[in-house]
Amino acid sequence: MQKLTTAFLLFLLVCCSARKNPEPYGAIPSDSQLRWHELEYYMFIHFGPNTFTNREWGEGTERPEVFNPAKLNCRQWAATARLAGMKGIIITAKHHDGFCLWPSKYSTHTVRESLWKNGKGDVLKELSDACREYGLKFGVYLSPWDRNHPTYGTPEYNTVFAKMLEEVLTGYGPVFEQWFDGANGEGPNGKKQEYNWPLFFSTVKKHQPDAIIFSDGGPGCRWVGNEQGFAGETNWCTLNADKVFPGYPKFEELTTGHEDGTHWVPAECDVSIRPGWFYSPDTDDKVKSLKQLAEIYFGSVGRGANLLLNVPVDRNGLIPRADSIRLMEFRQYLDKAFAVNLASGQLVRTPATAYDHPSSNLVDNDSRSCWFSSEKYPVIELMMEKPERFNILVLQEGIAYGQRIKSFEVDAWVNGNYQTIAQGTTMGYKRILQTDEVVTDKIRIRITESKANPVLSEIQLYYNPIQL
Ligand code: FUL
């Protein structure tokens with residue numbers, strides 16, 4: 001009996017030690033951040049008095065009556081986002097002009113003072129309901145800069161702003177992302193405000209602990225340092241977050257992040273489908289082309305960042321036809337480009353490793369399952385059953401264990417030789433590489449620089465039939 005018990009314990013020990021996962025390297029994402037990465041693509045909506053006055057930055061002196069979107073229909077916005085393949089919507093609940101899209105108790109410049117629905121409307125209520133109905137996440141943009149509020153420029157305003165935050169975070173169900181605009185200008189009294197960021201952040205943590213807080217320096221996710229929709233080709237999800245604050249002057253650094261940064265603060269690319277953030281009839285014929293949107297996608301999602309694409313709602317309270325058509329074209333394009341993962345279920349040859357996770361995890365279409373290398377610069381071969389034609393390569397790191405890979409190369413077996421077809425620096429949550437068309441039954445991925453033994457989660461191949 002004793003022998004049996006000892007044998008059983010030994011058996012358990014062997015099983016457990018073979019299956020153990022590696023220690024994480026450096027800063028790692030929280031569970032909410034991991035889920036946030038998986039959203040990849042969602043909608044930004046700029047809407048408010050500026051929509052009606054042809055401005056980007058309202059003065060805060062606009063009469064609330066200008067806001068009257070007679071046909072407003074948030075279900076149309078949500079249906080559009082859903083059909084576009086987006087996972088959520090972030091709305092400008094309050095922009096720099098101070099107008100609140102909900103009837104805030106702490107302001108007299110809100111939908112309540114407008115003509116819309118005789119002052120009985122609430123855009124946040126209608127949009128959060130529509131998001132729930134269409135299976136979308138709901139997020140809120142709030143600008144602390146307020147050119148209307150009489151207390152702006154005094155310490156009292158920080159409390160007012162925190163109370164407004166509390167209203168939007170407690171009144172409309174789960175909020176997946178709280179977007180803080182770092183702009184800090186003068187208010188109605190000609191004074192600037194010293195923002196109490198610790199108070200604002202703790203208010204979010206208190207009421208929506210799972211919400212990702214966006215600002216120049218996070219803490220949940222960071223601005224990418226430009227409004228063109230592009231992350232750096234080298235894109236670290238880590239940041240020395242204690243040194244970065246809203247309004248950070250060296251914002252170019254945010255495009256690449258900080259290698260070995262102390263915190264996990266991944267990049268989000270915010271960009272508008274039109275030249276401005278708000279609707280203007282002047283931009284009706286300036287909606288970005290399919291080619292531009294595709295470039296933005298490969299430059300953001302394809303570089304391990306999330307894409308927050310702004311689609312301005314018009315004066316009727318609807319997403320205009322031209323923008324909606326373009327979004328559907330873009331969705332069709334993505335569906336065709338990523339229709340069939342040719343690497344799915346194929347044979348993967350990996351070097352011997354101490355970790356008991358099969359290399360088939362790399363071709364199972366599941367970015368949560370990983371293969372752990374026991375060496376720093378492994379070479380991984382993908383052996384296809386028959387020659388396949390492809391021009392897109394997707395590589396993913398198992399970011400739950402930290403971001404490790406610094407450079408890699410990809411070779412394809414062509415005419416009896418391996419030829420390099422792609423190379424890159426960081427990989428992160430997702431790296432999408434477009435290559436010339438290749439037909440081959442064998443490719444290999446060589447990790448050429450890594451901060452620790454690589455943890456990979458996916459290798460995917462696609463053939464994109466559309467050349468823009
Ligand atoms: C900026 C603002 O000043 C713009 O109006 C816009 O809201 C953009 C997303 O952020 O800081």
Side-chain angles (χ1 to χ4, degrees), residues 41-62 67 77 81 86 88-101 109 123-124 127 139-149 152 161 164-165 168 175-187 192-193 195 197 200 212-218 220-231 244-255 267-280 282-283 286 288 296 300 305-314 323:
Y41 174 42
Y42 35 90
M43 189 184 273
F44 211 0
I45 293 183
H46 276 65
F47 185 50
N50 294 343
T51 307
F52 301 84
T53 55
N54 232 11
R55 302 190 65 127
E56 281 294 317
W57 284 4
E59 306 264 0
T61 48
E62 296 77 17
F67 183 84
W77 313 357
M86 293 164 158
I89 300 182
I90 300 180
I91 173 89
T92 52
K94 175 170 91 94
H95 203 251
H96 308 328
D97 57 56
F99 185 83
C100 301
L101 293 184
H109 194 52
V123 180
L124 298 193
L127 181 58
V140 180
Y141 162 114
L142 269 194
S143 164
W145 182 22
D146 192 316
R147 305 175 88 180
N148 173 274
H149 207 280
Y152 188 88
F161 186 73
M164 289 176 162
L165 251 179
V168 304
V175 169
F176 86 101
E177 183 169 325
Q178 175 61 52
W179 216 95
F180 283 121
D181 197 307
N184 182 341
E186 290 174 1
K192 279 196 182 181
Q193 177 77 28
Y195 299 142
W197 288 110
F200 305 162
I212 294 298
I213 300 178
F214 168 102
S215 82
D216 286 5
C221 69
R222 71 174 195 264
W223 183 44
V224 76
N226 66 73
E227 292 179 338
Q228 274 71 55
F230 290 89
V244 182
F245 46 88
Y248 186 59
K250 293 192 271 176
F251 57 84
E252 300 85 7
E253 293 174 10
L254 305 178
T255 308
E268 181 186 82
C269 299
D270 60 322
V271 56
S272 188
I273 197 165
R274 292 180 178 224
W277 293 101
F278 283 89
Y279 174 78
S280 160
D282 306 340
T283 59
K286 296 192 176 61
K288 285 196 169 57
I296 286 171
S300 55
N306 276 3
L307 172 56
L308 175 61
L309 181 62
N310 181 65
V311 182
V313 162
D314 69 12
D323 307 60

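A quick note: this is a predicted structure, and the numbers were derived from the prediction, not measured. Each ligand, and each atom within it, is numbered from 1 in the order the structure gives.
The closest donor-acceptor contact from the side chain of Y141 to the backbone of I45 lies at 3.5 Å or more, if one exists at all.
No more than 12 heavy atoms of other residues, nucleotides or ligands sit less than 6.0 Å from atom CH2 of W57.
Ligand 1 is approached by F44 to a heavy-atom distance shorter than 4.0 Å. Within the structure, ligand 1 lacks W145 among the residues with a heavy atom less than 4.0 angstrom away.
For the pair Q193 and H149, the minimum side-chain heavy-atom distance is 4.5 Å or more. Using a 4.5 Å cut-off on side-chain heavy atoms (C-beta onward), V123 and F67 make contact. In this structure, I273 and P312 have side chains that are in contact, with non-hydrogen atoms separated by less than 4.5 Å. For the pair R222/V244, no side-chain contact is recorded, criterion being any heavy-atom separation below 4.5 Å from C-beta on.
Every atom of ligand 1 is numbered from 1 in the order shown, and the set under 4.0 Å from a heavy atom of E227 is 1 (C), 8 (C), 10 (O). Taking a cut-off of under 4.0 Å to the non-hydrogen atoms of Y141, the atoms of ligand 1 that pass are 7 (O). Those atoms of ligand 1 with a heavy atom of D270 less than 4.0 angstrom away are 9 (C).
For ligand 1, the polar-atom distance check against H96 finds a nitrogen or oxygen pair separated by under 3.5 Å. Annotation: D181 places an N or O atom under 3.5 Å from an N or O atom of ligand 1; distance criterion only. Polar contact check, H95 against ligand 1: a nitrogen or oxygen pair lies under 3.5 Å apart. At least one N or O atom of H46 sits closer than 3.5 Å to an N or O atom of ligand 1.
Scanning both residues, A93 and L142, for their nearest heavy atoms gives CB-CD2, 3.8 Å.
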